[in-house]
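Have a look at the structure below before the remarks.
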Amino acid sequence: MLVAVGTDKHPFDRLVSWLTQWHGTVGGEVVLTVQHGHTRADDLPDAVPFLGHADLQAAMARADLVVCHGGPATILEARRHGHLPIVVPRDPTRGEHVDDHQLLFARRLGAAGLVALCESRQELLDSLTAGLADRARFTVAVDAGAADGRRAAVRRVGVIVEDLVAAAAQRHHRQWWRPWRGPGPNGRRKP
C-alpha cells in the first residue's frame, strides 16, 4: 500500500497518526510505503519524507491501494495508475493547509464516485478494511488510449512550436525602433 501526504510544508499528523494506529492492528499483513513530507512518521515502516516524481510513479504502479491527501495532482496520478484513491483531505482548521481547496476538491470527487473520501478516522478504517478484503473495489479502468493521445498532443505542440520558430527566423523584420546613441559632443542627439 502506498500512502502519500504530498509536499506541503504543513504537517499532516492526523493522517499519519491514524495510519500508525491502524498499522499496529494489522501487523505484518500490510506492506506500507509512506511518503510523509513534513510530518513525523517514526513508527511507520518504509517511511520516507519525499519521493521524486519517477519514484512516486513507480510506487503507485506497484501499490495495491493508494491512500493520499486531497492534492489534485496526486489524486489524478493515482487514478491514472488504475487506483480509486482513498483520500483524506488536509483541513486548514487543523493547521494542515493554508486553505480549504483540498476539502472542496475531494468532496466534489467523492460525490462523483471518483475517490473514496475519508474525513474521519472511522471512514479511513472502513475503507482500508474494505480494500484489504477486496482490492478490486479500489481500482478503476485505465484508458490506455489517453496516454497515446497525450503523447500525440505533446508531439503536435512541439511541431507547431518548431514551425513558428523557423518561420520567425526566416522573416525579415524591419526594426521599429532605433537604439539611442546618446548625446554627441555638442549635446545633441547623434543621428
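Using a 4.5 Å cut-off on side-chain heavy atoms (C-beta onward), D8 and V98 make no contact. Residues H69 and V88 form no side-chain contact, since every pair of their non-hydrogen atoms from C-beta on lies 4.5 Å or further apart. Taking the side chain as every heavy atom from C-beta outward, R121 and Q21 approach each other to under 4.5 Å. Here the side chains of L32 and D46 are not in contact, with every heavy-atom distance at 4.5 Å or above. Side-chain contact between E29 and L132: present, with at least one pair of heavy atoms (C-beta onward) separated by less than 4.5 Å.
Under the side chain to side chain donor-acceptor pair (under 3.5 Å) criterion, D100 pairs with no residue at all, not counting sequence neighbours. With sequence neighbours left out, H97 forms a ring-ring contact (aromatic ring centres under 6.0 Å, His included) with H101. Qualifying side chain to side chain donor-acceptor pair (under 3.5 Å) partners for H83, counting only residues two or more places apart in sequence or in other chains: none. For R62, there are no salt bridge (Lys or Arg N to Asp or Glu O under 4.0 Å) partners, not counting sequence neighbours. Residues that satisfy the salt bridge (Lys or Arg N to Asp or Glu O under 4.0 Å) test with D43, not counting sequence neighbours, are absent from this structure.
Minimum interatomic distance between G113 and L84 (heavy atoms only, all atoms of both residues): O-CD1, 3.7 Å. A78 and P85 make their closest contact through CB-CB, 4.0 Å (heavy atoms, listed as atom of the first residue, atom of the second, distance).
By the criterion of side-chain heavy atoms lying less than 4.5 angstrom apart, applied directly or through intervening Ile, Leu, Val, Met, Phe, Trp or Tyr residues, V34 is not grouped with L51; the two fall into different hydrophobic clusters.
Remark: side-chain polar atoms of E96 are paired, donor with acceptor, to backbone N or O of D91 under 3.5 angstrom. At distances below 3.5 Å, not a single donor-acceptor pair connects side-chain atoms of R40 with backbone N or O atoms of P11.
Within a 6.0 Å sphere centred on CZ of R137, heavy atoms belonging to other residues, nucleotides or ligands number 12 at most.
M60 CE to L56 CG: the interatomic distance, rounded to the nearest 0.5 Å, is 4.5 Å.
Judged as a ring pair (Phe, Tyr, Trp, His ring centres under 6.0 Å), the pairs with a partner in residues 8-40 (not counting sequence neighbours) are, in order, H38-F50.
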